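What follows is one structure encoded as structure tokens, with my remarks underneath.
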Amino acid sequence: MQTPVFFHADQLLFSPPYEWDKRGYVKHPENPKRINSILKALKKASGDFVFLEPDPISQSVIQQVHRSDFLRLYQLAQENIPSGQYFYPTFFPKAHQRDSDPDNIHHAGYYCTDTSTPLGPETLISATWSAATAYSAASHLLEGKSNLVYALTRPPGHHASADYFGGYCYFNNAAIAANRLKEQGSVAIIDIDFHHGDGTQSIFYFDNQVLTVSIHADPNEHFPYFSGHANEIGEGAGRGFNLNIPLMPGTDGDTFLQVLTELVVPRIKEFAPAFLIVAFGADTYHKDPICDFKLDTPDYNIIAKQLASLNLPTLVTQEGGYFVPALGDNVVSFLSGLR
Ligand code: SP5
Ligand code: ZN
């Protein structure tokens, strides 16, 4: 059986050429070339995959996860930023010092964590289609049409929370999918992007119907810096339903697999969810330009097989992965392991 891949071409319209990082203005690692690499590899293995277009989603679907300010701010960007230009917030208010106004572009920093995630006229359209792929993939899973679905989400989503965007993420695609799946049962989200899935954690922090697990680089050294520590375990009803596993620089496939087998899989089994979401990033790859783990292409296949042993209806969202020449092969290695 072919694995459905959800994708819409308008996800590529948004393409800021630069981010502003510690060294200044640098090439943006999150660009459409990444997606072309993935599409090419999927098409090469076309016997195994079938491309499906997502249905459009309404604003209310997004607002079940995100504050309506987001939509307003992205609309403002759509209406006011000239084509080819981008707005980088440069003013970040002190701890939400006053009410925010999403009709004022100068307030964009209120909603934003970093200078890597600018706004442009196409942010809304691309981010909405990205969320739509995740939502359609979730619906497909609920309809029982396949036990495995891949949402080729771009822009990525796991750093976006209910009320902030950042880390190249604008809407939290995995959270929007989880919210849909939750209508029919509990959900475990395992985030294996190199970076901590801070947005996803925060959205479900008080929720005991969604178990969030993230394996990632030590946040004292890497983005998102302010969260991802092992002592963040959830709060209220959600206490015990968030698991963070920060790992050392240079972590290789063997260590990653060991952590998954000994800590993650048993926790998910104990939770016994109805559905599994994998927020998959290939930025754990040894040649990734902005990360420092040491995984290789076959490791993704082995990791995926370990997750497949859970035997759950599974939805994969695409998060990071910035070494473009190997990105497609890494995604196919992973998806083939799940199949
Ligand atoms: C989805 C995801 O993986 N987001 C990661 C965001 C990481 N942001 C770090 C920003 C600094 C990296 N700049 C490197 C530029 C190299 N040309
Ligand atoms: Zn990442």
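Computed over heavy atoms, backbone and side chain alike; hydrogens, waters and symmetry mates excluded. Computed from a predicted model, the values in this text were never measured in an experiment. Every number for a ligand or one of its atoms is a count from 1 in the order of the listing.
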| request: Applying side chain to side chain contact (heavy atoms under 4.5 Å, CB included) between His159 and each of Phe223, Phe165, Tyr170, report the one that passes. | output: Phe223

| said: Within the structure provided, determine whether Thr115 and Thr90 are in side-chain contact (heavy-atom separation under 4.5 Å). | reply: no

| note | Closest to the Zn ion (ligand 2), among the N/O/S atoms of His195, is atom ND1

| request: Could you list the atoms of ligand 1 found under 4.0 angstrom from a heavy atom of Asp193? | output: 3 (O)

| request: Examine ligand 1 and decide if any of its atoms is less than 4.0 Å from a heavy atom belonging to His158. | output: yes

| query | Relative to the heavy atoms of Val26, which atoms of ligand 1 are at a distance of less than 4.0 Å? | reply | 15 (C)

| field | Salt bridge Arg154-Glu30, side-chain N to carboxylate O under 4.0 Å | value | yes

| query | Should Leu148 and Tyr150 be counted in the same cluster of Ile, Leu, Val, Met, Phe, Trp and Tyr side chains packed under 4.5 Å apart? | reply | yes

| message | Just so I know, are the side chains of Thr317 and Glu319 near enough to count as touching, which here means a heavy-atom distance under 4.5 Å? | response | yes

| query | Is there side-chain contact between Gln59 and Thr128, with heavy atoms separated by less than 4.5 Å? | reply | no

| Taking the N/O/S atoms of Asp193 one by one, which is nearest to the Zn ion (ligand 2)? | OD1

| query | Of the backbone atoms (N, CA, C, O) and the side-chain heavy atoms from C-beta on, which set of Asp283 has a member under 4.0 Å from an atom of ligand 1: side chain, backbone, both, or neither? | reply | side chain

| query | Who pairs with Tyr74 by side chain to side chain donor-acceptor pair (under 3.5 Å), at least two apart in sequence or on another chain? | reply | none

| request: Going by heavy-atom distance to atom 1 (C) of ligand 1, choose the closest among Tyr322, Tyr168, Phe194, Phe223. | output: Tyr322

| field | Metal check, the Zn ion (ligand 2) vs Glu319 N/O/S, cut-off below 2.8 Å | value | no

| message | Which residue and atom name correspond to the protein heavy atom nearest atom 4 (N) of ligand 1, and how close is it? | response | Gly167 O, 3.0 Å

Side-chain donor-acceptor pairs under 3.5 Å in residues 254-262, sequence neighbours left out?
{"from": "Thr255", "atom 1": "OG1", "to": "Asp252", "atom 2": "OD1", "distance (Å)": "2.9"}
{"from": "Thr261", "atom 1": "OG1", "to": "Leu257", "atom 2": "O", "distance (Å)": "2.6"}

| Protein contact to atom 17 (N) of ligand 1 [nearest heavy atom, distance to 0.1 Å] | Lys27 O, 3.7 Å

| query | Which of parallel (below 30°), tilted (30 to 60°) and perpendicular (above 60°) describes Tyr285 and Tyr300? | reply | tilted

| message | Restricting to N, O or S atoms, which atom of Asp283 is closest to the Zn ion (ligand 2)? | response | OD2

| request: Between Arg23, Glu19, His159, flag the one that comes closest to atom 13 (N) of ligand 1 by a heavy atom. | output: Glu19

| request: Below 4.0 angstrom from a heavy atom of Ser116, which ligand 1 atoms are there? Numbered from 1 as shown, please. | output: 10 (C)

| Which of the ligand 1 atoms, numbered from 1, are nearer than 4.0 Å to a heavy atom of Asp21 | 11 (C), 12 (C), 13 (N), 14 (C), 15 (C)

